[in-house]
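I have placed the structure first, in the form of structure tokens, so that the comments after it can refer back to it.
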Amino acid sequence: MPFQLLKTDTQTAARLGSLGLPHGVVETPIFMPVGTQGSVKTLHPAELEELGAQIILGNTYHLWLRPGHELIRDLGGLHQFANWQHPMLTDSGGFQVWSLAKLRKITEEGVRFQNHLDGSRMLLTPELSMEIQAALGSDIAMLFDECPPYPCDETYAATSLALTTRWAQRCKDWVTTNEPRSGNGRQHHFGIVQGSVYADLREQSARELVALDFDGYAIGGVSVGEPEEEMFRAIENAVPFLPVDKPRYAMGLGTPPQILEMIGRGVDMFDCVMPTRVARHGVAFTLDGPLQMKNLIHAKDPRPICESAHPHVAGFSRAYLRHLFRAGEILALRLLSFHNLHFYLSLVAGAREAIANGTFAEYKAAFIRRYTSKS
RNA sequence: GGGUAGAUGCCCGAGUGGCUAAAGGGGGCAGACUGUAAAUCUGCUGGCUAACGCCUACGCUGGUUCGAAUCCAGCUCUGCCCA
């Protein structure tokens, strides 16, 4: 059984689980650091291990363009290539189709676009996305989907969803034909629920994907500019139609409070560039909310970033971190990336512990209360 | 001592009669960032004011002009060259 549901919270929909993958077991709820180009920006794999990262992301679109999936396959796969021996999930490139919108055209066949590196015209299809991900050898491959924009009228959302479903069928067909392996070494495949802000479409999407039977289900098309309430609603509209014995993954989320809100709604997996991206821009997450380390108020502050800081970071004062950022020192980016991932990974580790103890509701409420109160 | 080039806002630097509170860059102060085209992007940056606006500003003093950072005279200082 690849996914084991160990416990379901009685007060909320939070779940404690264990996901067995070819390169190891992942405890859920889990946060997955994003390593788009086969690298979690600024961090060494040993540091990710030190942080307790259990699974990281890679990206089909980026690795396909450079250095190429065949090269990676010939060098032993993405794990070997990136020197990361724990589970990895690869995104399908569907999101890039959305974020590179100005350069692309979606057809039944797939997506034609000009790549951002040299502008040459390329075609990414569901079959090719699965082929690339198989070559990369990730533990979890995401299906190739279309992520509709926000706002998005219902007609477009329905048309887009129908296409995503047909693409899901093609992805499954490709896997059945080309990757018939089974057992523990087998790559897992997650479908992606779309449907924008429309409840009936979310339900329809979930039902259609479940009928195709995947190893897990993601909720996509969120965090694309919609208000936070819409985002929560999209999750709520999809979760009831997903099987309890399969992992659920909210793609691209979120802020620390959002993560806890989603866990409380029954989501098991998260990924987000926020902790690493804002780290490079000077923001440190703390139990009392985010801190912009470049700001003047820290100039003479001898305190560490946060009482929750990892020992590797706790020895540095806020004043020193501000200095590093102003001086343009690379260490600043590394320290905050390390810190923010520690913050996120501790957040979900705390959630797992709380679910196990039956105290998740209190854990969530206490965290959010302190995080959002202006101190 | 003679010649010559120059002195602009926190710094560098454009501007050679009105469109100039003065380009651009740096620095500074903030903000944004959610399946990473992101060590990126955006805003503000003389003073007072919520704003209209007023005041003070282009080395100093005086002058020409309806109007001067821009033209003229003298002075001060700086770089370079010659003695």
Side-chain angles (χ1 to χ4, degrees), chain A residues 31-43 55-63 65-66 88-104 113-119 129 133 138 140-148 150 190-194 216-228 230-232 234-235 249-259 261-262 267 269-283 285 290 292-299 322 324-337 340 344:
Chain A
F31 177 78
M32 306 180 281
V34 179
T36 303
Q37 313 212 54
S39 156
V40 176
K41 294 186 193 298
T42 80
L43 297 181
I55 173 171
I56 65 174
L57 260 65
N59 188 275
T60 297
Y61 170 82
H62 292 278
L63 294 171
L65 292 190
R66 183 172 57 194
M88 285 186 120
L89 178 151
T90 43
D91 188 22
S92 63
F95 186 76
Q96 278 59 48
V97 170
W98 171 76
S99 63
L100 301 168
K102 317 93 220 164
L103 304 172
R104 52 84 167 148
F113 62 93
Q114 287 186 270
N115 79 51
H116 69 281
L117 295 178
D118 64 7
S129 177
Q133 294 185 76
S138 54
I140 299 172
M142 300 304 298
L143 299 204
F144 189 65
D145 65 332
E146 190 206 343
C147 179
Y150 179 89
F190 280 26
I192 304 174
V193 177
Q194 290 293 352
Y217 299 91
I219 297 158
V222 283
S223 70
V224 289
E226 78 281 13
E228 190 177 72
E230 291 281 13
M231 189 175 83
F232 290 143
I235 301 291
Y249 164 27
M251 304 190 78
L253 299 179
T255 66
Q258 285 170 358
I259 301 258
E261 292 290 356
M262 305 277 171
V267 178
M269 303 166 70
F270 305 89
D271 80 282
C272 192
V273 304
M274 184 172 280
T276 43
R277 177 181 293 165
V278 302
R280 297 192 301 279
H281 300 163
V283 175
F285 288 100
Q292 173 50 263
M293 297 312 305
K294 292 190 272 198
N295 285 0
L296 182 60
I297 46 169
H298 305 115
R322 171 175 140 89
L324 290 183
F325 268 102
R326 283 161 34 99
E329 285 292 335
I330 294 169
L331 182 60
L333 314 186
R334 287 177 35 67
L335 290 176
L336 248 50
S337 294
N340 284 349
Y344 268 66

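Just so you know, these numbers come straight off a predicted model, no measurement behind them. Numbers restart at 1 for each chain; the letters A, B, ... are given by sequence-line order, proteins then strands.
Rounded to an integer number of Å, the gap from CD1 of A/Ile55 to P of B/rG35 is 16 Å. Put simply, CE on A/Met251 is 10 Å from P on B/rG35, counting in whole angstrom units. For the pair A/Gln37 CD and B/rA39 P, the computed distance is 10 Å after rounding to whole Å. Rounded to whole Å, the distance from CZ on A/Arg280 to P on B/rA39 is 5 Å. Taking atom CG on A/Leu43 and atom P on B/rU36, their separation rounds to 16 Å, with Å as the unit. With rounding to whole Å, A/Lys41 atom NZ is found 8 Å from B/rA37 atom P. Between A/Leu117 atom CG and B/rU36 atom C1' there is a gap of 13 Å when expressed in whole angstrom units. When the P atom of B/rA39 is taken as reference, atom CG of A/Leu333 falls 9 Å away, rounded to whole Å.
Taken to the nearest 0.5 Å, the CD atom of A/Gln96 stands 6.0 Å off from the CG atom of A/Asp91. Distance CG/A/Leu89 to OH/A/Tyr249: 5.0 Å, rounded to 0.5 Å. Here the CG-CG distance, from A/Leu333 to A/Leu324, works out to 9.5 Å after rounding to the nearest 0.5 Å.
Between B/rA21 and B/rC75, the distance separating the two C1' atoms is 28 Å to the nearest Å. Taking atom C1' in both B/rG13 and B/rG6, the straight-line distance is 14 Å, to the nearest Å. Taking atom P on both nucleotides, B/rU4 is separated from B/rG25 by 37 Å, rounded to a whole Å. As rounded to the nearest Å, B/rA38 and B/rC80 have C1' atoms that lie 48 Å from one another. Atom C1' of B/rG17 sits at a distance of 22 Å from the matching atom of B/rG74, rounded to the whole Å. Nucleotides B/rG46 and B/rG9 have their P atoms positioned 13 Å apart, rounded to a whole Å. For the C1' atom pair drawn from B/rC33 and B/rG26, the interatomic distance equals 25 Å after rounding to whole Å. Here, B/rA68 and B/rG63 have their C1' atoms 12 Å apart, quoted to the whole Å.
At a threshold of 4.0 angstrom between heavy atoms, the contacts of A/Leu57 are confined to the sugar-phosphate backbone, with no base atom among them. A/Thr42 comes within 4.0 angstrom of no nucleic acid atom, judged by non-hydrogen atoms across all strands. Nucleic acid contact class of A/Asp118 (heavy atoms, under 4.0 Å, all strands): none. Using a 4.0 Å heavy-atom criterion, one finds that A/Glu226 contacts no nucleic acid atom at all. Across all strands, A/Asp271 comes closer than 4.0 Å only to sugar-phosphate atoms, never to a base (heavy-atom distances). Heavy atoms of A/Gly221 sit under 4.0 angstrom from at least one base atom.
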Quick one: which protein N/O atoms are closer than 3.5 Å to N/O atoms of nucleotides 30-33 of chain B? Pair and distance per line, please.
residue : atom : partner  : partner atom : Å
B/rA30  : OP1  : A/Leu296 : N            : 3.3
B/rA30  : OP2  : A/Asn295 : OD1          : 3.4
B/rA30  : OP2  : A/Leu296 : N            : 3.4
B/rG31  : OP2  : A/Asn295 : ND2          : 3.1
B/rC33  : O2   : A/His281 : ND1          : 2.8
B/rC33  : N3   : A/His281 : ND1          : 3.3

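Taking all atoms of both residues into account, the shortest heavy-atom contact from A/Gly221 to A/Cys147 is CA-SG, 3.7 Å.
Applying the 3.5 Å distance criterion, the base of B/rU34 shares a donor-acceptor pair with the side chain of A/Gln258. Judged by distance alone, with hydrogens and angles left aside, A/Ser99 brings no side-chain donor or acceptor close enough to the base of B/rU36 to form a pair under 3.5 Å.
When both distances must be under 3.5 Å, the Watson-Crick or G-U wobble mate of B/rU78 is B/rA5. Both distances falling under 3.5 Å, in either a Watson-Crick or a G-U wobble arrangement, place B/rA30 opposite B/rU42. When both pairing distances are held under 3.5 Å, B/rA21 makes no Watson-Crick or G-U pair with any nucleotide shown. Of all nucleotides present, none satisfies the Watson-Crick or G-U wobble test against B/rG35 with each distance under 3.5 Å.
Dashed line: the shortest gap from a side-chain N or O of A/Ser223 to OP1 or OP2 of B/rU34 is not under 4.0 Å. Distances shown here put a side-chain N or O of A/Gln96 below 4.0 Å from the OP1 or OP2 atom of B/rU36. In this model, the phosphate group of B/rG35 is not approached by any side-chain N or O of A/Asn59 to a distance below 4.0 Å at OP1 or OP2.
You'll find the side chain of A/Met142 reaches within 4.5 Å of the side chain of A/Met251, heavy atoms only.
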### Task
Could you please spell out the steps behind the side-chain hydrogen bond (donor to acceptor under 3.5 Å, both in side chains) verdict for A/Glu146 and A/Gln194?
CA-CA 8 Å; A/Glu146 190 206 343; A/Gln194 290 293 352; over 6 Å; no
### Task
Kindly indicate, with the supporting measurements, whether the criterion side-chain hydrogen bond (donor to acceptor under 3.5 Å, both in side chains) is fulfilled by A/Tyr61 and A/Asn115.
CA-CA 9 Å; A/Tyr61 170 82; A/Asn115 79 51; 5.5 Å; no
### Task
Kindly determine whether A/His62 and A/His116 satisfy side chain to side chain contact (heavy atoms under 4.5 Å, CB included), including the steps that lead there.
CA-CA 10 Å; A/His62 292 278; A/His116 69 281; 3.9 Å; yes
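Other residues, nucleotides and ligands contribute only 12 or fewer heavy atoms inside 6.0 Å of the CD1 atom of A/Ile330.
Each of B/rC29, B/rU34, B/rA37 was ranked by its minimum atom distance to the side chain of A/Thr255; first place goes to B/rU34.
In this structure, A/Ile330 and A/Met231 both approach RNA chain B, and ranking their closest nucleotides by distance from the 5' end singles out A/Met231. Toward the 5' end of RNA chain B, the nearer of the two residues A/Arg326 and A/Gly220, judged by each one's closest nucleotide, is A/Arg326.
The aromatic rings of A/Tyr344 and A/Phe31 are tilted relative to each other, their planes meeting at an angle between 30° and 60°.
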